[in-house]
**Student:** 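First, the structure itself, so that you have it in front of you.
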Amino acid sequence: MTPTNRERIWQVIDAIPAGKVSTYGTVAAMAGLPRQARAVGKYLAELPVGSKIPWYRVINAQGKISFPVASTRFLKQKQLLEVESVRFTNNKVNLKVFLWQGD
DNA sequence: CATTTGACTTGTG
DNA sequence: CCACAAGCCAAAT
């Protein structure tokens, strides 16, 4: 069965361990789709509600959440990560510590 | 087939 | 650190 790019990306995201995060660019690269960071965001946007995919473990290359700081989605994502002990400093994650790039 | 769009990234000032 | 520009590329229109 030929996996669609969307499925590859979801699979990669599903493999991100709790307490870690990954960036759009990194996820795309790990899915074998370099330079498709934007596509990652697009696919996540299509993610069905209630999906088991840990979409919140994906942030941008700046170590920040790609949503307006005031938005509900931003706060929800930040909370979910903090619960997994991902530390935020000035609304930013230290990727040197929390970025996941494989096993 | 041309254009727009987007949960991005990197460089510059 | 913030703003803006350019680069990038698959999907949707």
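Predicted model, so just to flag it, every value in this text is computed and none were measured. Every chain is numbered from 1 and lettered A, B, ... according to where its sequence line falls, protein lines coming before strand lines.
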**Student:** Would you check if the side chain of A:Lys20 reaches a backbone N or O of A:Val97 as a donor-acceptor pair within less than 3.5 Å?
**Tutor:** yes
**Student:** Scan the side chains in residues 21-44 of chain A for donor-acceptor partners under 3.5 Å anywhere in the protein, sequence neighbours excluded, and list what turns up.
**Tutor:**
residue, atom, partner, partner atom, Å
A:Thr23, OG1, A:Thr26, N, 3.1
A:Thr23, OG1, A:Thr26, OG1, 2.8

**Student:** Listing request: all salt bridge (Lys or Arg N to Asp or Glu O under 4.0 Å) pairs with a residue in residues 67-83 of chain A, at least two apart in sequence or in separate chains.
**Tutor:**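 Every candidate salt bridge (Lys or Arg N to Asp or Glu O under 4.0 Å) pair involving residues 67-83 of chain A fails, so no pair, neighbours aside, qualifies.
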**Student:** For A:Gly25 and A:Lys42, take the nucleotide of DNA chain B holding the closest heavy atom to each; which residue's nucleotide lies nearer the 5' end?
**Tutor:** A:Lys42
**Student:** Nearest 0.5 Å, what's the OG1-CD distance between A:Thr4 and A:Glu7?
**Tutor:** 3.5 Å
**Student:** Counting the atoms with a prime plus P, OP1 and OP2 as sugar-phosphate, which does A:Arg35 contact under 4.0 Å by heavy atoms, base, sugar-phosphate, or nothing?
**Tutor:** sugar-phosphate
**Student:** Please round to the nearest 0.5 Å and tell me the distance separating atom CG of A:Leu81 and atom CZ of A:Phe88.
**Tutor:** 4.5 Å
**Student:** Base, sugar-phosphate, or nothing for A:Ala45, non-hydrogen atoms under 4.0 angstrom?
**Tutor:** base
**Student:** When you list every nucleotide of DNA chain B with an atom under 4.0 Å from a heavy atom of chain A, which one comes first 5' to 3', and which comes last?
**Tutor:** B:dG6 to B:dT10
**Student:** For residues 57-64 of chain A, please give each side-chain donor-acceptor pair under 3.5 Å, one per line with the distance, not counting sequence neighbours.
**Tutor:**
residue, atom, partner, partner atom, Å
A:Arg57, NE, A:Glu84, OE1, 2.9
A:Arg57, NE, A:Glu84, OE2, 3.4
A:Arg57, NH1, A:Ile16, O, 2.6
A:Arg57, NH2, A:Glu84, OE2, 2.6
A:Asn60, OD1, A:Gln62, N, 2.9
A:Asn60, OD1, A:Gly63, N, 3.3
A:Asn60, OD1, A:Lys64, N, 3.0
A:Asn60, ND2, A:Lys64, O, 3.3
A:Asn60, ND2, A:Ser66, OG, 3.3

**Student:** Salt bridge (Lys or Arg N to Asp or Glu O under 4.0 Å): which pairs involve residues 90-103 of chain A, sequence neighbours left out?
**Tutor:**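 Listed by first then second residue: nothing to list.
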**Student:** Closest nucleotide of DNA chain C for A:Glu46 versus for A:Asn90: which of these residues is on the 5' side?
**Tutor:** A:Asn90
**Student:** 5' to 3' on DNA chain C, which nucleotides open and close the contacts with chain A (atom under 4.0 Å from a heavy atom)?
**Tutor:** C:dC1 to C:dA11
**Student:** State yes or no: do A:Phe74 and A:Val83 share one hydrophobic cluster built from I, L, V, M, F, W and Y residues joined by side-chain heavy-atom distances below 4.5 Å, directly or via other members?
**Tutor:** no
